[in-house]
Amino acid sequence: QVQLVESGGGLVQAGGSLRLSCAASGFTFSNNAMGWFRQAPGKEREFVAAINWSGSSTNYADSVKGRFTISRDNAMNRVYLQMNSLKPEDTAVYYCNRVTSGTTKSVYNSWGQGTQVTVSS
């Protein structure tokens, strides 16, 4: 049974930083690309960042490029999202999911509970 548990969100002022963490289980984490997604109120869920199985290749949405960094620890089955220079428009619930390698598409239809990020101006 796949489990994805996100944590690390919170309330931060514009310009601040947060580090999100996702603990994954129920599949062979180290063999698979992972990604972060977010959903703002009234909007559809959107891709934020992805990382390949080894961590050697990453991909970012244009809106976060240069500010966010995705990383992973295969020994711990965790993927992280370091978010710097946060903007009010980054406010959303953030989710992790396995992604199809080389794409921005999530694999699993069921999602974790997500972690709320709120950026005040």
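Computed from a predicted model, the values in this text were never measured in an experiment. Here, residue 1 is the first one in the sequence, and each next residue gets the next number.
Residues that satisfy the side-chain contact (heavy atoms from CB on, under 4.5 Å) test with Glu46, not counting sequence neighbours, are Arg38. Scored by the salt bridge (Lys or Arg N to Asp or Glu O under 4.0 Å) test, Lys65 finds Asp62 as partners (sequence neighbours excluded). Arg98 meets the salt bridge (Lys or Arg N to Asp or Glu O under 4.0 Å) test with no other residue; sequence neighbours excluded. For Ser85, the side-chain contact (heavy atoms from CB on, under 4.5 Å) test picks out Arg67, with sequence neighbours left out.
Sorted by first and then second residue, the pairs that involve residues 15-28 and meet side chain to side chain donor-acceptor pair (under 3.5 Å), not counting sequence neighbours, are Ser17-Asn84, Ser21-Arg78. The ring pair (Phe, Tyr, Trp, His ring centres under 6.0 Å) contacts involving residues 62-105 comprise Tyr95-Trp111, where partners must be two or more places apart or lie in separate chains.
In terms of heavy atoms, Ser121 sits closest to Ala14 at CA-CB, 4.4 Å. Considering every non-hydrogen atom in both Leu11 and Ser120, the closest pair reads CD1-CB, 4.4 Å. Listed here is the closest heavy atom pair of Leu81 and Ala49: CD1-CB, 4.2 Å. In plain terms, the two heavy atoms of Phe29 and Asp73 that are nearest each other are CE2-O, 3.9 Å. Leu4 approaches Met34 most closely through the heavy-atom pair CD2-CE, 4.3 Å.
Taken from CG in Asn52 to CG in Asn31, the straight-line distance is 12.0 Å, to the nearest 0.5 Å. A distance of 6.0 Å separates CD1 in Ile51 from OG in Ser71, rounded to the nearest 0.5 Å. Put simply, OG on Ser54 and CZ on Arg72 are 8.0 Å apart, with the number rounded to the nearest 0.5 Å. Once rounded to the nearest 0.5 Å, the distance linking CZ of Phe37 with CD of Glu44 reads 13.0 Å.
The backbone N or O of Cys96 sits less than 3.5 Å from a side-chain atom of Glu6, completing a donor-acceptor pair. Although no hydrogens or angles enter the test, the distance criterion places no donor-acceptor pair under 3.5 Å between the side chain of Asn59 and the main chain of Ala50. The backbone N or O of Trp53 lies less than 3.5 Å from a partner atom in the side chain of Asn74, making a donor-acceptor pair.
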Checklist line | From CA spacing to verdict: side-chain contact (heavy atoms from CB on, under 4.5 Å), Gln113, Val5 | finding: CA-CA 7 Å; Gln113 84 287 349; Val5 180; 4.2 Å; yes
Margin query: For a side-chain contact (heavy atoms from CB on, under 4.5 Å) check, start with the C-alpha distance between Val79 and Ile70, then their side-chain angles and the critical distance, and finish with the verdict.
Written below: CA-CA 7 Å; Val79 61; Ile70 188 171; 3.9 Å; yes
Next item on the list: Under the side-chain contact (heavy atoms from CB on, under 4.5 Å) rule, what do Met83 and Asp90 come out as? Steps first, then yes or no, please.
Entry: CA-CA 9 Å; Met83 307 186 296; Asp90 295 318; over 6 Å; no
Next item on the list: Just do the side-chain contact (heavy atoms from CB on, under 4.5 Å) check on Val117 and Leu20 with the steps written out, would you?
Entry: CA-CA 9 Å; Val117 172; Leu20 307 185; 4.0 Å; yes
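Side-chain contact check for Thr118 versus Val12: every heavy-atom pair is 4.5 Å or farther apart.
No side-chain donor-acceptor contact under 3.5 Å links Glu89 and Thr91.
Taking the six-membered ring for Trp, Tyr60 and Phe47 have ring centres at least 6.0 Å apart.
Tracing side-chain contacts under 4.5 Å through hydrophobic residues (I, L, V, M, F, W, Y), one reaches Trp36 starting from Val119; they form part of the same cluster. Val99 and Tyr108 are members of different hydrophobic clusters when ILVMFWY side chains are connected at heavy-atom separations under 4.5 Å.
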